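What you see is a predicted model; the values in this text were computed from it and never measured.
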Amino acid sequence: MSAADRYRRWFEYEQDSHLKTLASFESVHSELRSLPSFQKAVNLMAHVVAARKMWLFRFGAAPDCPRELFPENVALAELPGLVNEMHAAWAAWLSELDDAELARSFEYQSFEGGWYRNTIEDILTQLFGHSWYHRGQIAALIRSIGGDPAVTDFVFWTREPLPPR
C-alpha cells in the first residue's frame, strides 16, 4: 500500500466515523437537545468540518475558506449536509493524491496572521488526529446527557472477525 493509499483508507474510516457520530446525536432525547452540552457537541462536529474545508482551501483545492473555524449555534439539521459536502470535496481531492503530492511543502497563513510551511503529509496526519480528538469530546458530551456515543475506534473499524476456536 502506498502512503497515498493509506491516507485514502484512513479517510474511508473517518467518513464512517463521522456518519456514526452524526447518528449518535439522534440518540439524545429531544428534551435534552436544548442543553448547552448538546450544542457544544454539535458545534464541535461543525468545527471538524470547517477545519477540513480550511485545509482544502490552503492546499489550493477549494475556492474559499470558512469564515469561522469554530462555528457557534449550528443547527443539528445542518450537520449532515455540511458533513456530506466536506466528504465529497475531500474524496475528490484524495482521489488524485500521490506520494509526490504528500511530500509537497506549501505555505499558508494562519487565522492569527502568521505564515507557516508544512508538507501535505504533515497536515493529513494532523487532520486525522484532530478528528479523533474531537469525536472523543463529542462522545463524552453525548454520554453525559444520556445519549449513546458512537464507537469510532479505528481497531473496531479494521477488525476482522474469526470463527470461534
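Here the OG atom belonging to S131 is positioned 9.0 Å from the OH atom belonging to Y13, to the nearest 0.5 angstrom. Atom OG1 of T21 sits about 12.5 Å away from atom NE2 of H134, to the nearest 0.5 Å. Within the model, atoms CH2 of W157 and CD of E14 stand 11.0 Å from one another, a figure rounded to the nearest 0.5 Å. The distance from the CG atom of D5 to the CZ atom of R9 is 11.0 Å, given to the nearest 0.5 Å. Here the CG-CD1 distance, from L32 to I142, works out to 10.5 Å after rounding to the nearest 0.5 Å. Separating the CD1 atom in I138 from the CZ atom in F25 is a distance of 4.5 Å, to the nearest 0.5 Å.
Shortest non-hydrogen contact noted between S27 and S24 is OG-O, 2.6 Å. In this structure, V48 and H130 approach most closely via the heavy-atom pair CA-CE1, 4.3 Å. Pairing each heavy atom of L56 with each of A89, the nearest pair is CD1-CB, 3.6 Å. Between F57 and P63, the closest heavy-atom pair is CE1-O, 3.9 Å.
Under the rule for a side-chain contact (heavy atoms from CB on, under 4.5 Å), the partners of I145 that lie at least two apart in sequence or sit in another chain are V28, L35, S37, F38. When the side-chain contact (heavy atoms from CB on, under 4.5 Å) test is applied to A46, the partners found at least two apart in sequence or on another chain are P71, V74, L79. Legend: residues meeting side-chain contact (heavy atoms from CB on, under 4.5 Å) with A4, ordered by chain and number and at least two apart, are S2, R8, L97, D99, L102. Remark: R104 engages E101 in a salt bridge (Lys or Arg N to Asp or Glu O under 4.0 Å) (not counting sequence neighbours). Looking at residues two or more places apart in sequence or on another chain, you find no ring pair (Phe, Tyr, Trp, His ring centres under 6.0 Å) involving F111. Annotation: side-chain contact (heavy atoms from CB on, under 4.5 Å) contacts of R143 (sequence neighbours excluded): P149. Take D98 and apply the side-chain hydrogen bond (donor to acceptor under 3.5 Å, both in side chains) test, not counting sequence neighbours, and it matches no residue. Residues forming a salt bridge (Lys or Arg N to Asp or Glu O under 4.0 Å) with R117 (at least two apart in sequence, or on another chain): E107. Residues passing the ring pair (Phe, Tyr, Trp, His ring centres under 6.0 Å) test with Y108 are W55, F106, sequence neighbours excluded.
Applying the side-chain hydrogen bond (donor to acceptor under 3.5 Å, both in side chains) test to pairs two or more places apart or on separate chains, those with a residue in residues 83-97 are H18-H87, K53-E85. Each side-chain hydrogen bond (donor to acceptor under 3.5 Å, both in side chains) pair with one or both residues in residues 56-77, not counting sequence neighbours, would appear here, but there are none.
W115 and I123 fall into different hydrophobic clusters, where Ile, Leu, Val, Met, Phe, Trp and Tyr residues are linked whenever their side-chain heavy atoms come under 4.5 Å apart, directly or through other members. Y133 and M45 are not part of a single hydrophobic cluster, where members link through side-chain heavy atoms under 4.5 Å apart.
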Apply side-chain contact (heavy atoms from CB on, under 4.5 Å) to the pair Q137 and H47, showing each step before the final yes or no. CA-CA 12 Å; Q137 290 178 312; H47 165 67; over 6 Å; no
Kindly indicate, with the supporting measurements, whether the criterion side-chain contact (heavy atoms from CB on, under 4.5 Å) is fulfilled by W10 and L94. CA-CA 11 Å; W10 284 6; L94 285 166; over 6 Å; no
With side-chain contact (heavy atoms from CB on, under 4.5 Å) as the criterion, how do L44 and L141 come out once you've worked through the C-alpha distance, each side chain's angles and the decisive distance to 0.1 Å? CA-CA 10 Å; L44 280 169; L141 289 164; 3.8 Å; yes
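Between the side chains of Y7 and T125, at least one donor-acceptor pair of N or O atoms lies under 3.5 Å. Side-chain N/O atoms of T119 and E121 include no donor and acceptor closer than 3.5 Å.
In this structure the side chain of K20 reaches within 4.5 angstrom of the side chain of D16, judged on heavy atoms.
The main-chain N or O of V151 is never found under 3.5 Å from a side-chain atom of R135 such that the two would form a donor-acceptor pair.
In this structure, L162 stands alone, with no Ile, Leu, Val, Met, Phe, Trp or Tyr side-chain heavy atom under 4.5 Å from its own, directly or through other members.
By the 30° and 60° cut-offs, the orientation of the rings of W132 relative to F128 is tilted.
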